Each structure stands twice: as C-alpha cells, then as structure tokens.
**Student:** 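Okay, handing you the structure first.
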Number of protein chains: 4
Amino acid sequence: MPADDLTQRRRREIADAAALTFAEQGYHATGIADIAQRLGIGHGTFYRYFKNKRDILEYVLDEVTVRLGEVLAAEDPTSTTTVEEYRAQVERIGMGLFELFGAEPAIARLFYVEGVGADHEFSEKWMDLQGAFAAVTAAYLQNGVDRGFLPADLDIEVTSRAVNGMIFAALLAVIRDDDPAAEGERWVAGITRMMFGGIAA
Amino acid sequence: MPADDLTQRRRREIADAAALTFAEQGYHATGIADIAQRLGIGHGTFYRYFKNKRDILEYVLDEVTVRLGEVLAAEDPTSTTTVEEYRAQVERIGMGLFELFGAEPAIARLFYVEGVGADHEFSEKWMDLQGAFAAVTAAYLQNGVDRGFLPADLDIEVTSRAVNGMIFAALLAVIRDDDPAAEGERWVAGITRMMFGGIAA
Amino acid sequence: MPADDLTQRRRREIADAAALTFAEQGYHATGIADIAQRLGIGHGTFYRYFKNKRDILEYVLDEVTVRLGEVLAAEDPTSTTTVEEYRAQVERIGMGLFELFGAEPAIARLFYVEGVGADHEFSEKWMDLQGAFAAVTAAYLQNGVDRGFLPADLDIEVTSRAVNGMIFAALLAVIRDDDPAAEGERWVAGITRMMFGGIAA
Amino acid sequence: MPADDLTQRRRREIADAAALTFAEQGYHATGIADIAQRLGIGHGTFYRYFKNKRDILEYVLDEVTVRLGEVLAAEDPTSTTTVEEYRAQVERIGMGLFELFGAEPAIARLFYVEGVGADHEFSEKWMDLQGAFAAVTAAYLQNGVDRGFLPADLDIEVTSRAVNGMIFAALLAVIRDDDPAAEGERWVAGITRMMFGGIAA
DNA sequence: TATGAATGAGTGTTCATTCAT
DNA sequence: AATGAATGAACACTCATTCAT
C-alpha cells in the first residue's frame, strides 16, 4: 500500500510539527495555521490527514503511549528472580525512558505539561493512562512478590503509582536540563537507590 | 476595612466558583458566564473583582501555593535529629497535604491537571513552582545529612524531586478515590515505606 | 429657587468637566467614570444631573450655541449703513468669537472636532446648526444689499457660509496656537481683508 | 500579480461599503457586521482584508487624502503669472474638488463629519491634515506674491487656511444639495468672487 | 442627596473548519 | 491531492445605566 505509506508518512510529518508547536506555544495558543506554516503547506491540507485539531493531539499522545509501551515491553515482568536482577531491569527501563524523552523533549513536554489540561476529556484520558502505566509497573512488583524477592505485604497499587510519580518528576527535570543524558543517569541512580534501600540506609 | 473585607470575601466566592468550574469543565472550556451563572451573578460583576480570566486562574493557583506552603511550613526542617523523628515528620506532612487536597479535590485537580497547560506562560510558572516545592523538601533532606541521620552522598536535588513526584502521584489518586481519607493513609504508608527502607526489605 | 440654583451650578460643574474630558480624550473614549473622577464625585451622581451621556454632550453644545448666539446678537445686523461700519462690525464680531473660544479652547475643540462625529444624529444637528449660523451671517449681508453698500447680485447664501467656513478654519488654528490672542488678531485682519477687497488688491 | 489584484479589489469593495455605512450611521454606530451584511459576506471575511475596524477608517481616509492630493497636484502652483491665470486655476481646482466629492458625497461626509471625532488619535491626524492642505494652498499664494500679482504683505498662512475653510463649508453644502453640480458652480463663483475682489466691490 | 455595586446588552475579534477551484 | 478564501460560532471584555442603601 504505497498510498497508505505516503499518507502515514505525511501524518507523521504533520504530527511531528504539531507536537513541536504545541510544546513550544501550548495547545490552545497554537493555531492550525502555525503548524501548516511550519511545514510550508496550506492549512487546509491539514484536514486531509487529521479530522480536527483535537485529533492530532490524540494521535501524538497515542503515539507516545505506544512508544512508552514499547520501552516497557522491552522487558519481561516475569523474567527476574532476584532483587538484583529486578534492580538491573529497573535501571534498564529507566535509561530507556530517559533516552526516549531525552531525544525528543518536546514530546515529553507536550505529554506531561502542555497537553495535560488541553481539554477536559483529554485530562480524563490522561489520568486513565497514568493508571495503565501503573498497571505495567505493578506487574513487575507483583512478579517480585510472587517470586518472594519483594515482601508479600507490599502495597503494589500505591507503590507502582509512586514509582511512576518519581519517573514523572524525573522527566520534568531531564527535559529541562542542558545535559539530559547525564541528568538521566543521576535520576536512575537516585530512584533505584530510593526503591532498593530507601534514602536512609 | 469593612469594604476591603467584603471585597475579599467576594473575591473568594468568585474564585471558589471559578476553581470548581475550571476543575469540572477545564479552563478553556469554561466561560466567564459559566462562573457567573454558578454564583447567580451577572457576568459583568466578575470583572469588578478580577482583571480578566487569566487573573482568576493565577489567583486560585497562588492561593493553593500559599496553602501548600503553610502545610510545609507547619514543620521545621531542622527540628529532627533522628530518622525516626524525620519519618514521623514526613508522615505528618503527608497527612496534612492529603487533608488539604482531600477536602477540596477540585482545587487539587485544577492545580495538578486542568491548570497545568492552560497557558504556556503558566506552564512555565508551574514548573518553576515544582522546583520551589522541591527546594522545601530538599531542606528536610539537607538537615538529615547535616545531622548525620541521612547518608552524606544522598543526591538531595534528585531525591527531593522524586519525593515530590510520589506526592503528585498520590494526590492524583487520592482526589479520584471515593474515600480520600483512607486512601491518603495508604499513600502515607506506602511512600514512607519506600523512603525509609525501600520496597525490598 | 436656591435648590434650582444649586442644581444649575452642579450641572455647570459637571458639564465643564465633561467638556474638558471629551476634548482631551474624545467623546467615545471618555467614560462617565472619567468625568466623575475628575470632579471627585461618584459616577452615579452624574445621573442625578443628566439623563445620560449623550445628554451632556447636547447640553454642552447647546450652551456653546447660546454663547455663540450672544456674541452674534451683541451686534444689530441692520445697524450699519456703510461698508466701513460693516467692516468694523465684522471685526468686533470676529474678536468676540476669538475671545470666547480662545478663553476655552477645549469647548471649541469639542464643538468643532471631537463632538462632530460623536453620534450620527448629532452630526445632523451640527450641520443644521451651521446653517443657523449662516442665516445670522446672511442677515448682515442682506442688510448690506438692502442698504446698497453690498452689491445686489451677491450670492448671500453661499457667501455667508463661506464666511463661516473661514471662521471655522480660524478657530481651529487659534485654539492650537500658543498665543490665541495674537493669532486671533491676525485672523481678523486676514478675514476682513479677504472680505473687503479680496486677496489681490 | 493577479492574487494581489484580487485582494486589492476586495479591499476596495469592503472599504467602499464601510465608507458608505460609516457615512450613513456614523463610525461608532456601525458594526463590522453591518458592513459585512451590506456586502453579503461573512463578517469574519472582513478581517482577512483589514486588521481591525480602525484600520478601515484609516484606509478610507488615506485614500481620500490621496485623491484630494491628486486634484491639487493636477495644477502647478508656479505656473501662473497673472491674477487672471490664477483665478482660472482656482476655478479649475474648485470644480475638481466639487466633482470629486459630488460624485461620492458619502466619502466627503465621512471625511469631514462622521470620521472627524471617531477617535481622538484620528482627530489629531485630521487636524494635521488640514495643515497639509493649507500648505498646498499656501504654495499657490506664495507664487502670486513672488510673481508680484499678489500683495507682498499678504498673510499667506492665515489666508491659505481661510480659503480651505471656505472650501470646507462649500463641501458641506454641496454634498447635502440635491443638485451637487449646480451647487458646486455657485460655490466656485462665490468663493472666487470673495477671493478676487471681496464681497463689497 | 450621593454613592458605587451590580448588571447585561453589545461588539470587536479569533480561528477551527469547510469546500470550490 | 492541495489550497486558501470564506465562514460564523463563540467569547472575553467594556461601560452606560440602574437602584438599594
């Protein structure tokens, strides 16, 4: 399907431009014309690839969701049998996330800041999405409990969301930093330390 | 100043109604008329108390900032000398925050969701604010390091932001829960467990 | 009628302040609140003395009309019997006008500039008023024709309006000049020269 | 430039409709919707051609200014050497002006009445413009003085403004008359008679 | 009588979306 | 398929006017 391919490429181009512009100016402050101008196309053309303005935000955020999913799916939640293995796994996942968003800070900013309150319906969806990510994290924790290398009384739901909350904070910091790579490493170290021993030890 | 008092009360009334409506419908989807209608006042009256639509958002968010500050300032960062004391302090602060936002989930939702991307300029301010809160948290950690009950090599900047990230996740969960009080307690337990021992032990 | 007197004084005060503000900022750009503030009164008070915003414009302009009428009525159109007498009369009238408006340039500005297009209905009235003034001027010219010291074939209607047009131009110049008195004299000289001999002789 | 041409034509159409409506109802009483309705276009279309409401007033008045300038520039101020030639020239200029405005009385009305006080900033501009026109008239008088066919002691500044004042009065009368052409001729006769001999001779 | 808080009609302007070319 | 001219719904904001105190 070459036609479909072309369409997909065009969608991607437009989505990228839109994401960049949304991240720079904010969702509501961005006009369709701004996006079109950035690409050097007529703004009517936009509507040949996306149903409306909201549609593109949804597309971009779905894309991010997929990519996030890919990073998380690169690891198998049930593959670890010891704390050490899990810790190493957490570090890999963390580095993966920071690489993903470090490479495209605009996407991260859009996903975690500019897009959040763009639209009330979307806010709801976004919060649901946080739940979905928590579920993935929860799967890792559940594996630890099942395998016995994490305590049986661990509050998995709360803990998984707490871990994601730390990651959220990390991303916010990483994308604003001049050296995202180094900052990412600091955060991986800080978060794993917290997770596997707390701050006191 | 009775006139000033009346003005302040009116501002508070309008701000409350605005916060509620923003939280329910989103900032951009809310019209000044919606806020006025909720109060049963003419929409022109709004402008006697606030300069414009953005002004009220800023007012509400500044108010939240102040209240958050009050919760944090209720404790003295340098008053603890042992891990146990600090842990108790963290629990008190946590409960305070969940009480604050549990009582007014709309405010929390506005502050952490609907308001975030309302306006690009505000997004920036919001991110700066997260830094300010992190600085407060950092003061507690610094005290621990200085007193010797937290390790000297603790990455205070990263850890303080990570803690705040957990709190953020907690608030998101608490305000969506049917029983905010119970949920809050779960979170305090979960977060302190993570902080003071990690998930593994 | 002391009450009436007080009311009249108050109306005058408000009208003066309004005229000043209209002249400074323009009719539409001036709010009732601006006028009230200038007087240090509540803006609700305004409505105790004038029906509405338009009413005050009308009042001010009627007042000017009356005063203009007084200047013109100070002379008797039928009293002159020779060109020399008429010329002297014209000079007196001219000086009177320049004194009137030179003393209150704001009134002149309001009457001839800011107020002109304030309101379509008023534009019409204003143009009619020009006709009324022309009629007064015409009476002088008619006297000259009747007495024989002005030519019988003089186009009185056109000429009277033309004379008024010169006066209009004069006022515009006089009120913008640093030394209205001197400027006024120049204009009286210029206009009478034009009238009684043309520019060529 | 066909695109540009189309744009220019559209601007002209809209400007014409606007001028007509301004002249009929007054500047402030005219809404953008009124102008659009007159043209049978959507009122959003207006903003594709003009930045805002004030912009179109400025455009129309600048256009009038240019056209007035063309009428005045059709003659060469230095080309006349005798009073007779100058008088003929004045008659030609006068007829040109009356033709210009007689053909489009709405424009004249807008320029000399409805637009004058539309906006305080514009009032200022308008008064400056009167000065500019006076300067043109002054050039003709100066030529007469230089050539010796006008007296050396003529107050050129005052006289030029006085002449323009007569023209102003003339236009006001001509555009309100049922037969503008005939009325124009009367005025040319009346004004030239005044200028070249005064009313008495 | 004076006030100023409250009001809401009115309007300029924006911009997502459509559709004829 | 691409365009951009046209559109009008939607909304923030102003301010003349009213009226309870």
Side-chain angles (χ1 to χ4, degrees), chain A residues 3 6-7 10 14 27-37 39-57, chain B residues 3 6-7 9-10 14 27-37 39-56, chain C residues 3 6-7 10 14 27-37 39-57, chain D residues 3 6-7 9-10 14 27-37 39-56:
Chain A
L6 197 64
T7 297
R10 218 88 169 79
I14 294 174
Y27 175 73
H28 280 102
T30 297
I32 295 297
D34 296 327
I35 301 170
Q37 197 174 33
L39 289 166
I41 64 172
H43 66 273
T45 307
F46 172 92
Y47 288 89
R48 298 195 58 75
Y49 294 93
F50 291 95
K51 219 176 66 206
N52 52 37
K53 190 181 174 184
R54 209 183 171 282
D55 193 30
I56 205 171
L57 180 63
Chain B
L6 200 64
T7 296
R9 207 173 319 158
R10 217 89 170 77
I14 295 173
Y27 175 74
H28 279 101
T30 297
I32 296 297
D34 296 327
I35 300 170
Q37 199 174 29
L39 288 166
I41 64 172
H43 66 271
T45 306
F46 172 92
Y47 290 93
R48 291 188 55 76
Y49 295 92
F50 292 95
K51 222 176 64 209
N52 52 38
K53 191 181 174 184
R54 206 182 176 282
D55 193 30
I56 205 170
Chain C
L6 196 63
T7 296
R10 217 88 168 80
I14 294 174
Y27 175 73
H28 280 102
T30 297
I32 296 296
D34 296 327
I35 300 168
Q37 197 176 33
L39 288 167
I41 64 171
H43 66 272
T45 307
F46 172 92
Y47 288 90
R48 298 195 59 75
Y49 294 93
F50 291 95
K51 220 176 66 205
N52 52 38
K53 190 180 174 184
R54 207 182 174 284
D55 192 30
I56 205 172
L57 180 63
Chain D
L6 199 63
T7 296
R9 208 174 318 159
R10 216 89 171 78
I14 294 174
Y27 175 73
H28 280 102
T30 297
I32 297 297
D34 297 327
I35 300 169
Q37 201 173 29
L39 288 166
I41 64 173
H43 66 273
T45 305
F46 172 91
Y47 288 92
R48 292 188 54 77
Y49 295 93
F50 292 94
K51 221 176 66 211
N52 51 39
K53 191 181 174 184
R54 205 181 177 283
D55 192 30
I56 205 171

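Here is the naming used below: chain letters follow the sequence lines, and residue numbers restart at 1 for every chain. What you are looking at is a predicted structure, and each value in this text was computed from that prediction instead of being measured.
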**Student:** Just the rounded figure in Å: distance from P of F/dC15 to CG of C/Asp34.
**Tutor:**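 So the CG-P distance, C/Asp34 to F/dC15, works out to 8 Å.
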**Student:** Pairs under 3.5 angstrom, nitrogen or oxygen only, protein versus nucleotides 5-9 of chain E, please.
**Tutor:**
{"from": "E/dA5", "atom 1": "OP2", "to": "B/Arg48", "atom 2": "NH2", "distance (Å)": "2.3"}
{"from": "E/dA5", "atom 1": "O5'", "to": "B/Arg48", "atom 2": "NH2", "distance (Å)": "3.2"}
{"from": "E/dA5", "atom 1": "N6", "to": "C/His43", "atom 2": "NE2", "distance (Å)": "3.2"}
{"from": "E/dA6", "atom 1": "OP1", "to": "B/Arg10", "atom 2": "NE", "distance (Å)": "2.9"}
{"from": "E/dA6", "atom 1": "OP1", "to": "B/Arg10", "atom 2": "NH2", "distance (Å)": "3.3"}
{"from": "E/dA6", "atom 1": "OP2", "to": "B/Tyr49", "atom 2": "OH", "distance (Å)": "2.4"}
{"from": "E/dT7", "atom 1": "OP2", "to": "B/Gly42", "atom 2": "N", "distance (Å)": "3.0"}
{"from": "E/dT7", "atom 1": "OP2", "to": "B/Thr45", "atom 2": "OG1", "distance (Å)": "2.5"}
{"from": "E/dG8", "atom 1": "N7", "to": "B/Gly44", "atom 2": "N", "distance (Å)": "3.2"}
{"from": "E/dA9", "atom 1": "N6", "to": "B/His43", "atom 2": "NE2", "distance (Å)": "3.0"}

**Student:** What pairs with B/Tyr47 under side-chain contact (heavy atoms from CB on, under 4.5 Å), at least two apart in sequence or on another chain?
**Tutor:**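 For B/Tyr47 the side-chain contact (heavy atoms from CB on, under 4.5 Å) partners, ignoring immediate neighbours, are B/Ile32.
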**Student:** Between C/Phe50 (CZ) and F/dT18 (P), how many Å, whole number?
**Tutor:** 16 Å
**Student:** Test of understanding: with salt bridge (Lys or Arg N to Asp or Glu O under 4.0 Å), list the residues that count as partners of B/Arg54, not counting sequence neighbours.
**Tutor:** B/Glu58, B/Asp119
**Student:** Just so I know, are the side chains of C/Arg48 and C/Ile14 near enough to count as touching, which here means a heavy-atom distance under 4.5 Å?
**Tutor:**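 They are not in side-chain contact.
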**Student:** Whole angstroms only, please: what is the CG-P distance between C/Leu57 and F/dA16?
**Tutor:** 13 Å
**Student:** For DNA chain F, what string of dots and brackets results from 5' to 3' when Watson-Crick and G-U pairs need both distances under 3.5 Å, crossing pairs get [ ], and pairs with another strand get |?
**Tutor:** .||||||||||||||||||||
**Student:** Is the charged tip of C/Lys53 near the ring of C/Tyr27: under 6.0 Å from the six-membered ring centre and within 45° of its axis?
**Tutor:** yes
**Student:** Starting from the C-alpha separation in whole Å, work towards a yes-or-no answer on side chain to side chain contact (heavy atoms under 4.5 Å, CB included) for A/Ile56 and A/Phe46.
**Tutor:** CA-CA 10 Å; A/Ile56 205 171; A/Phe46 172 92; 3.4 Å; yes
**Student:** Mapping C/Ile32 and B/Ala29 to their closest nucleotides on DNA chain F, which lands nearer the 5' end?
**Tutor:** B/Ala29
**Student:** Nearest 0.5 Å, what's the CZ-CZ distance between A/Arg10 and A/Phe50?
**Tutor:** 11.0 Å
**Student:** Can you measure C/Asp55 atom CG to F/dT18 atom P for me and round it to whole angstrom units?
**Tutor:** 12 Å
**Student:** Starting at the 5' end of DNA chain F, which residue's closest nucleotide do you reach first, B/Tyr47 or C/Lys51?
**Tutor:** B/Tyr47
**Student:** Using atom NE2 of B/His28 as one end and atom C1' of E/dT14 as the other, report the distance to the nearest whole Å.
**Tutor:** 13 Å
**Student:** Could you tell me which non-hydrogen atom of B/Asp55 sits nearest to which non-hydrogen atom of B/Asn52, and how far apart they are?
**Tutor:** N-OD1, 2.9 Å
**Student:** Check the distance between F/dA1's P and A/Leu6's CG and give it to me in whole angstrom.
**Tutor:**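 To the nearest whole Å, that distance equals 9 Å.
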**Student:** Starting at the 5' end of DNA chain E and moving along, which residue's nearest nucleotide shows up first, A/Tyr27 or D/Ala33?
**Tutor:**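 Checking each residue's closest nucleotide, the 5'-ward one belongs to D/Ala33.
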**Student:** Which residues satisfy the side-chain contact (heavy atoms from CB on, under 4.5 Å) test with D/His28, sequence neighbours excluded?
**Tutor:** C/His28
**Student:** Quick one: side-chain contact (heavy atoms from CB on, under 4.5 Å) partners of C/Thr30, sequence neighbours excluded?
**Tutor:**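 C/Thr21, C/Phe22, C/Gln25, C/Asp34, C/Ile35.
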**Student:** Between P on F/dG8 and CD1 on D/Ile35, what's the gap in Å once rounded to a whole number?
**Tutor:** 17 Å
